[in-house]
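These notes concern the structure reproduced below.
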Protein chains: 2
Amino acid sequence: MSTDTTRTAILRAAERLYAERGFSDVTLRDIVAAAEVNLAAVNYHFGSKDELITELFVTRSIATNRERLNQLKAAEAAGGGRAPVEAVLRALVGPTLRGCLGPDSERSDAARFMIRATIEAIAPIHKIKNREIDHLRKFAAALRRSLPGKADAEIYWGLHFALAMAHQTVRDSERLTRLSDGKCDLDDVEGVINRVVAVTALALTASKPAADDKAPARRGR
Amino acid sequence: MSTDTTRTAILRAAERLYAERGFSDVTLRDIVAAAEVNLAAVNYHFGSKDELITELFVTRSIATNRERLNQLKAAEAAGGGRAPVEAVLRALVGPTLRGCLGPDSERSDAARFMIRATIEAIAPIHKIKNREIDHLRKFAAALRRSLPGKADAEIYWGLHFALAMAHQTVRDSERLTRLSDGKCDLDDVEGVINRVVAVTALALTASKPAADDKAPARRGR
DNA sequence: GTCTATAGAGTGATAGAC
DNA sequence: GTCTATCACTCTATAGAC
């Protein structure tokens, strides 16, 4: 309790500032000022600025991925080993969108930090990003179970587009709000999730299947 | 000819470096080294680093928007004032994707620079970004003509998702290639454009219309 | 563990010779 | 218009007192 109060203060302040302003123009001095700790504390607790960012990213990355996999597992268990396409996609984009949008900015910092981290070309994170591919493969496998006969490429394009819509919505929510004069309600998080899931599911199920016939819908061992 | 050879050398080098490495870690010294000109030349020709970036962004922004509008205009003229949804979307995402993807890295720098510029939180550009909203309104209006009776919010979501898919494809093409083990062919630019257009058009036409009936498909006033 | 003070290497911008 | 030289400033990282 007495131990890491400074440490967590730094982590929280860094996450909030990076989420708000991006990595380019947030300095260690900004962080320690917001955390109300001393400049040297950062190097004492984390070693360097890059290691601080890495720790932040790894922690959040693990948490998000775990939440995604839990939801995927639950959906597949409920369906006897095979989840509907919509459920798989919901498990993929739901955690991120729920964290980023909506009026409660509680977990917002964490999720917006992650979006920024995956977008901006920041050195320490680029190395870790490979793990996300392994993570996505699990969702590709789940979709393959949901859509037997669908070509692999179609499934990958579906995942890619689902993440694209989710991320862009978080990243550039301001533009959509302004463009639509508020007609697109970004505070309705579940509504946004439903949209992303519906569009992707439509794309995955409506287009031509891989080889033989149409929709071997259910029960396929 | 003798006049602005230095000036354009700086512009080209800056665009290439920013496209490749992002704005965060490209310095004026990197730029002048790549352009093989003197450090002071940047401030002489552009006044400041921010003004250099601004000039780059404004120039490319105007060019892209003009190409988009030309294609939109041509499509609407061919349809007697009303273009198919697919044609409107193609005019929107085609120029960007054609510039960014594909084996020819000729215009690639310009387009990838633009993607980076719209994403990374870079001060001088944030101010200009408002103009893009006015530009997008023209495509919203075109879609409204193509889809009478469709709710405005649906149209805005469609534009938003189309741009999301196009931008993410450019930005993170590496991840999709690796995830799919090359099964998703990003060198097939027209194929990618067709995918983005098809998914968006599907979302715009398949979902529930605004108020009354289904699909007042063609010929409406 | 936390602080002050400072080192050491960058940065963008500019003055002034040519 | 182009160069050299340098200013003023910022950054991260660290040494050493407490």
Side-chain angles (χ1 to χ4, degrees), chain A residues 1-58 113 116-117 120-128, chain B residues 1-58 113 116-117 120-128:
Chain A
M1 181 196 226
S2 81
T3 70
D4 52 9
T5 166
T6 297
R7 188 184 160 84
T8 60
I10 293 172
L11 283 171
R12 261 200 263 277
E15 185 167 61
R16 182 171 60 80
L17 290 178
Y18 284 138
E20 285 173 1
R21 292 159 40 188
F23 293 94
S24 357
D25 53 20
V26 172
T27 69
L28 284 189
R29 283 173 171 77
D30 295 332
I31 293 171
V32 298
E36 294 178 323
V37 302
N38 189 270
L39 174 60
V42 173
N43 281 294
Y44 175 79
H45 285 285
F46 300 96
S48 72
K49 185 190 188 182
D50 280 4
E51 288 171 272
L52 165 62
I53 294 177
T54 301
E55 166 143 349
L56 223 33
F57 182 76
V58 170
F113 167 86
R116 276 242 149 84
E120 293 186 30
I122 192 75
I125 283 172
H126 215 78
K127 308 168 192 167
I128 318 171
Chain B
M1 181 193 223
S2 81
T3 70
D4 52 9
T5 165
T6 297
R7 185 184 162 84
T8 60
I10 293 172
L11 283 171
R12 263 202 260 277
E15 184 167 61
R16 182 171 61 80
L17 289 177
Y18 284 137
E20 284 174 1
R21 291 159 39 189
F23 293 93
S24 358
D25 53 21
V26 172
T27 70
L28 283 188
R29 284 171 172 79
D30 294 333
I31 293 171
V32 298
E36 295 179 321
V37 302
N38 188 269
L39 174 59
V42 174
N43 282 295
Y44 175 80
H45 284 285
F46 299 96
S48 72
K49 184 190 188 183
D50 280 5
E51 287 171 276
L52 166 62
I53 294 177
T54 301
E55 167 144 349
L56 223 33
F57 182 75
V58 169
F113 167 85
R116 275 239 147 86
E120 292 185 33
I122 192 74
I125 284 173
H126 214 78
K127 310 168 193 169
I128 318 171

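In what follows, every heavy atom counts, from backbone to side chain, and hydrogens, waters and symmetry copies are set aside. Values in this document were obtained by computation on a predicted structure and should not be read as measured data.
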For this session: Take Y18(A) and F57(A) through the ring pair (Phe, Tyr, Trp, His ring centres under 6.0 Å) test and state the conclusion after the steps.
Result: CA-CA 11 Å; Y18(A) 284 138; F57(A) 182 76; over 10 Å; no
For this session: Taking R21(A) for its side chain and V26(A) for its backbone only, find out whether a donor-acceptor pair lies under 3.5 Å.
Result: no
For this session: For the pair R7(B) (side chain) and H45(B) (backbone), establish whether a donor and an acceptor sit closer than 3.5 Å, ignoring hydrogens and angles.
Result: yes
Problem set entry | Main-chain N/O of R16(A) paired with R12(A) side-chain donor or acceptor, under 3.5 Å | no
Problem set entry | Working for side-chain contact (heavy atoms from CB on, under 4.5 Å), residues K49(B) and V42(B) | CA-CA 7 Å; K49(B) 184 190 188 183; V42(B) 174; 5.7 Å; no
Exercise. With no hydrogens and no angle check, do the side chains of E51(B) and T54(B) hold a donor and an acceptor under 3.5 Å apart?
Worked result: no
Problem set entry | Atom-pair distance (NE2 on H45(A); C1' on dC3(C)), nearest Å | 12 Å
Exercise. Judged by atom type as modelled, is there a donor-acceptor pair below 3.5 Å linking the side chain of D30(A) to the main-chain atoms of T27(A)?
Worked result: yes
Exercise. For dT2(D), does OP1 or OP2 lie under 4.0 Å from any side-chain N or O of T6(B)?
Worked result: yes
Problem set entry | Per-nucleotide protein contact string for nucleotides 4-18 of chain C, where B marks a base within reach and S marks sugar-phosphate only (heavy atoms under 4.0 Å, - for neither) | B------BBBB----
Problem set entry | For DNA chain C, the residues among residues 11-23 of chain A that have a non-hydrogen atom under 4.0 Å from it | none
Exercise. Side-chain contact, heavy-atom cut-off 4.5 Å: L11(A) with F46(A)?
Worked result: yes
